[in-house]
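Input: a single structure, listed below in structure tokens.
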Amino acid sequence: MRGRFAPSPTGYLHLGNVWTALLCWLQVRQAAGTLVLRIEDIDEQRSKKIFREALLEDLSWLGLQWDEGPDVGGPCRPYIQQQRYGCYEEALDQLRQQHLLYPCYCSRSRLQAVGAPHAGELSVYDGHCYHLTDSQRQAIHKVPSWRVHVPRETIVFTDGICGMQQACLSADCGDFVVRRADGMYAYQLAVSVDDGAMGITHVLRGRDLLSSTARQIWLLRLFGYVPPAYFHVPMLVDPAGNRLSKRQHGITVRQLRTQGVTAEAILSYLAWCGRLVSERRVYTLSELVDTCDLTRLGAADIVVHDDISRAIGDFLPH
Ligand code: GLU
């Protein structure tokens, strides 16, 4: 088994990240597999070296050690996406050779106008620029983004947590961007290339990425890889139902650490909130590996307390 944790260094590690990292780590350790740490920093504007260094430091402090990664190396290096642009360029070439790639000149406002009718739904591109002729393209003086043209094919897969899934590429996903107009490679492309090239067999990540999976499976197959098994885990929410994320200033590992909260207390708290353990107490890392039952993960979001540092503090031995 080869699992991976693939954080984006756009902020300090927050509890939502820790929850996913803990589950990736548990899944791999329980199966005596290999855990890959991959830094997903293709968003050059938002990614910072300081956050990358902090991520590695915070994960090590938590004790969620990886076997391959930017600092320890490994057979699939480099493990930092900004150092893998050559692989993405090759993948784009493959798509180009298969006549699946085309330039898209649509403005953001046009995309919004034809896009998702309901909040939270995937915005399905209407294929406008696919139908442009060469002479029409030449008449447009604008740097395009690049889209991949998807077939009318239904991708069916069984998610290890959410069960059977299916999505029709043309109807549910639409032609999607693989390289943005500003030159950045898109997440769907980079993640598929990397999961394939790194021989990942198990992808465990937040449920917010479930709708990306059909596109990734399709790309992986196109590049000649066997797609991994997928496990989309519930998200952490506050009692009002809001997702904890760094954008909403979710509490960070660093903040908890300076408040004197231990790594075991943080991890045990999350394991308890997620009902992976039945006793409300501090577990050691090896006890968590022995005890946590990942088959108990269900569909519902995991509710954590409002005053997290206080709730975690309750786990500390008195
Ligand atoms: N880099 C993504 C994130 O931090 C995760 C991508 C993935 O697991 O596929 O949200």
Side-chain angles (χ1 to χ4, degrees), residues 4-27 35 37-41 43 45-66 69 120 204-209 232-277 279-285 287-288 292 294 296-298 300-318:
R4 50 60 157 195
F5 178 54
S8 300
T10 54
Y12 289 111
L13 200 72
H14 59 81
L15 276 195
N17 303 133
V18 179
W19 167 241
T20 319
L22 170 65
L23 294 172
C24 287
W25 183 84
L26 284 170
Q27 188 185 44
L35 183 61
L37 175 66
R38 182 171 72 227
I39 301 296
E40 301 212 321
D41 57 356
D43 185 340
Q45 259 90 58
R46 291 179 57 228
S47 299
K48 302 270 178 287
K49 187 163 172 244
I50 178 174
F51 293 138
R52 181 178 91 207
E53 285 165 353
L55 274 177
L56 269 69
E57 199 184 298
D58 291 347
L59 287 169
S60 298
W61 177 77
L62 286 165
L64 303 179
Q65 203 52 52
W66 51 97
L204 184 152
R205 60 188 178 191
R207 181 142 318 153
D208 53 338
L209 291 167
H232 287 89
V233 300
M235 313 287 287
L236 295 192
V237 294
D238 66 18
N242 303 309
R243 288 189 170 168
L244 303 193
S245 79
K246 50 202 155 192
R247 285 185 200 183
Q248 290 161 324
H249 308 291
I251 192 154
T252 65
V253 170
R254 287 188 170 218
Q255 286 167 320
L256 292 168
R257 189 174 164 183
T258 48
Q259 289 166 10
V261 183
T262 66
E264 282 90 355
I266 297 173
L267 300 177
S268 302
Y269 172 76
L270 291 177
W272 179 75
C273 289
R275 302 206 176 94
L276 302 178
V277 291
E279 280 175 65
R280 189 187 166 119
R281 68 169 174 93
V282 178
Y283 290 77
T284 64
L285 282 164
E287 281 177 326
L288 286 174
C292 284
L294 299 198
R296 293 178 69 179
L297 287 170
D301 286 339
I302 307 291
V303 183
V304 298
H305 295 81
D306 256 334
D307 189 347
I308 288 175
S309 62
R310 194 161 150 207
I312 296 180
D314 290 347
F315 273 88
L316 291 172
H318 295 291

### Query
Roughly how far, to the nearest 0.5 Å, is the CG atom of Leu55 from the CD1 atom of Ile50?
11.0 Å
### Query
For residues 54-64, which residue pairs qualify under side chain to side chain donor-acceptor pair (under 3.5 Å), counting only residues two or more places apart or in two chains?
Glu57-Arg254, Asp58-Arg254
### Message
Holding to salt bridge (Lys or Arg N to Asp or Glu O under 4.0 Å), I want the full list of residues that pass it with Arg281, two or more places apart in sequence or in another chain.
### Response
Glu279, Glu287
### Message
For Thr20 versus Gly206, what's the shortest heavy-atom pair and its separation?
### Response
CG2-N, 4.2 Å
### Task
Might you confirm whether atom CZ of Arg296 has over 12 heavy atoms from other residues, nucleotides or ligands at distances under 6.0 Å?
yes
### Task
Check Val304 against Cys273 and note the closest heavy-atom contact, atom names and distance.
CG1-SG, 4.1 Å
### Query
Would a 4.5 Å heavy-atom cut-off, applied to side chains only, mark Trp66 and Leu56 as touching?
yes
### Message
Checking Tyr269 now: which residues fulfil ring-ring contact (aromatic ring centres under 6.0 Å, His included) with it, not counting sequence neighbours?
### Response
His305, Phe315
### Summary
Separation between CD1 (Ile302) and CZ (Arg275), nearest 0.5 Å, reads 7.0 Å
### Message
Has Ser268 got a side-chain atom pairing as donor or acceptor with Tyr283's backbone, closer than 3.5 angstrom?
### Response
yes
## Note on the structure
So NE2 of His14 and CD1 of Ile251: to nearest 0.5 Å the spacing works out to 12.0 Å
### Query
Which distance, rounded to the nearest 0.5 Å, do you find between the CG of Leu267 and the CG of Leu26?
8.5 Å
### Contact summary for Gly298 and Arg207, nearest pair of heavy atoms
O-NH2, 3.2 Å
### Task
Report the distance from atom CG of Asp208 to atom NE2 of His232, rounding to the nearest 0.5 Å.
8.0 Å
### Message
Looking at Pro234, is its backbone amide N or carbonyl O close enough to the side chain of Trp19 to form a donor-acceptor pair, meaning the two atoms are under 3.5 Å apart?
### Response
yes
### Residue among Leu204, Leu59, Leu64 satisfying side-chain contact (heavy atoms from CB on, under 4.5 Å) with Trp25
Leu64
### Query
Which distance, rounded to the nearest 0.5 Å, do you find between the CG of Asn17 and the OH of Tyr12?
13.5 Å
### Query
Under the 3.5 angstrom rule, does the side chain of Ser309 hit a backbone N or O of Leu256 as a donor-acceptor pair?
no
